[in-house]
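Only one structure is covered here, and it is reproduced in the block below.
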Amino acid sequence: MALLVPGTATALATATPSPLPLPVAELAIAGADEPGQPLRITGRVLDAISGAPVADASVIVYHADDGGEYEPADPGDDTTARLRGELRSDDQGRFAFRTILPGEYPDQPPGNRHIHVPSVSAEGYAPLGFVILFDDNVRDDVRAWAGDTGFGRIIETTDDAGELHGSLDILLEPVPSQAIPEE
């Protein structure tokens, strides 16, 4: 079960063009005893047209453990992976979560570590899904797929005393409001 822990207002070197202070709370997906490289992802949910922050957006994430296994509660549904959670953006569109760097799939060549983001949604916006890939661990065919489909978001990470940090902006497309015809 994921829990909220206080965030810190530390300036990080990230791929986000203009990083904001971290949200007051962040989601802890992996416990301190979880094997693997500690990882923190920070970001913002923004309006794709205006660039304004999108508050209270739901961000759902899940990923494999350090050994590349999902260990889903429902064996036929990886979205029920043991390492998963849902968080909400704050009033400035910011979100953050701590976990571990996902492992490589045991039956595939290296270069495809990723975090699934099956849904980012907010009232008045079209939902969005994608995977987060890590720039220093993307083999050529996965990089090409990410670029061709737009479904893979490749981020850079920095190492800060053994914890990797990465950041990304998520742009949501507004849905035109449906005007109610006058009678």
Side-chain angles (χ1 to χ4, degrees), residues 1-7 23 25-45 54 56-90 94-123 125-157 159 162-172:
M1 166 169 266
L3 49 126
L4 291 175
V5 295
E26 62 186 24
L27 179 69
I29 294 174
D33 59 344
E34 184 72 35
Q37 172 76 48
L39 172 68
R40 174 193 236 171
I41 301 289
T42 60
R44 300 178 300 174
V45 180
V54 177
D56 201 35
S58 166
V59 181
I60 298 172
V61 298
Y62 71 93
H63 63 84
D65 64 16
D66 187 49
E69 300 293 336
Y70 288 98
E71 300 177 34
D74 174 353
D77 183 1
D78 285 345
T79 66
T80 66
R82 181 176 60 84
L83 296 173
R84 64 183 159 79
E86 178 176 354
L87 56 124
R88 293 205 143 334
S89 61
D90 69 9
R94 300 172 301 186
F95 66 89
F97 63 93
R98 285 183 187 271
T99 190
I100 55 135
L101 184 65
E104 299 279 6
Y105 288 149
D107 59 347
Q108 290 187 12
N112 188 24
R113 294 176 192 254
H114 58 275
I115 295 175
H116 295 265
V117 185
S119 177
V120 179
S121 60
E123 188 173 334
Y125 292 89
L128 180 65
F130 58 93
V131 296
I132 299 171
L133 299 158
F134 305 96
D135 189 52
D136 64 348
N137 179 264
V138 182
R139 65 181 188 258
D140 291 342
D141 63 322
V142 174
R143 188 176 298 275
W145 167 85
D148 291 347
T149 65
F151 194 71
R153 307 289 171 89
I154 300 172
I155 65 169
E156 293 180 9
T157 57
D159 190 325
E163 179 179 64
L164 296 176
H165 292 171
S167 186
L168 75 156
D169 286 345
I170 300 171
L171 305 177
L172 292 183

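Along the sequence shown, the residues carry numbers beginning at 1. Remember, predicted model here, so these are calculated numbers, not experimental data.
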Minimum side-chain heavy-atom gap Leu168-Ile41 below 4.5 Å: yes

Heavy-atom check, side chain of Arg44 versus side chain of Ser89, under 4.5 Å: no

Glu26 bridged to Arg94 by N-O distance under 4.0 Å: no

salt_bridge(Asp78, Arg84) N-O dist < 4.0 Å: no

Min side-chain heavy-atom separation Val120-Tyr125 under 4.5 Å: no

Minimum side-chain heavy-atom gap Val117-Ile60 below 4.5 Å: no

Heavy-atom side-chain proximity of Leu172 to Leu128 below 4.5 angstrom: yes

For the student: nearest non-hydrogen atoms of Ala146 and Leu133, plus distance: CB-CD1, 3.8 Å

Stepwise side chain to side chain contact (heavy atoms under 4.5 Å, CB included) check, Phe134 with Leu39: CA-CA 11 Å; Phe134 305 96; Leu39 172 68; 3.9 Å; yes

Aromatic ring pairing His114/His116, orientation class (parallel under 30°, perpendicular over 60°, tilted between): perpendicular

Distance (rounded to the nearest 0.5 Å) between Asp66 CG and Leu101 CG: 8.0 Å

Working for salt bridge (charged side-chain N to carboxylate O under 4.0 Å, His left out), residues Arg153 and Asp169: CA-CA 10 Å; Arg153 307 289 171 89; Asp169 286 345; over 6 Å; no

Point-to-point distance, once rounded to the nearest 0.5 Å, from CG of Leu164 to CG of Asp136: 7.5 Å

Close side-chain approach of Phe151 to Val131, heavy-atom, < 4.5 Å: yes

Residue Asp140 excluded, over 12 heavy atoms near CG under 6.0 Å: no

Check: Thr42/His165 side-chain N/O donor and acceptor closer than 3.5 Å: no

Main-chain N/O of Pro102 paired with Arg113 side-chain donor or acceptor, under 3.5 Å: yes

Ser119 versus Ser121, closest heavy-atom pair with distance: OG-OG, 4.0 Å

Audit row: Gln37, Asp159, side-chain hydrogen bond (donor to acceptor under 3.5 Å, both in side chains) steps and yes/no: CA-CA 10 Å; Gln37 172 76 48; Asp159 190 325; 4.6 Å; no

Main-chain N/O of His63 paired to Arg82 side chain as donor or acceptor, under 3.5 Å: no

Heavy-atom check, side chain of Asp65 versus side chain of Glu71, under 4.5 Å: yes

Considering all heavy atoms, the nearest Val61-Ile115 contact: CB-CG2, 4.1 Å

Beyond-backbone contact of Val142 with Asn112, side-chain heavy atoms, under 4.5 angstrom: yes

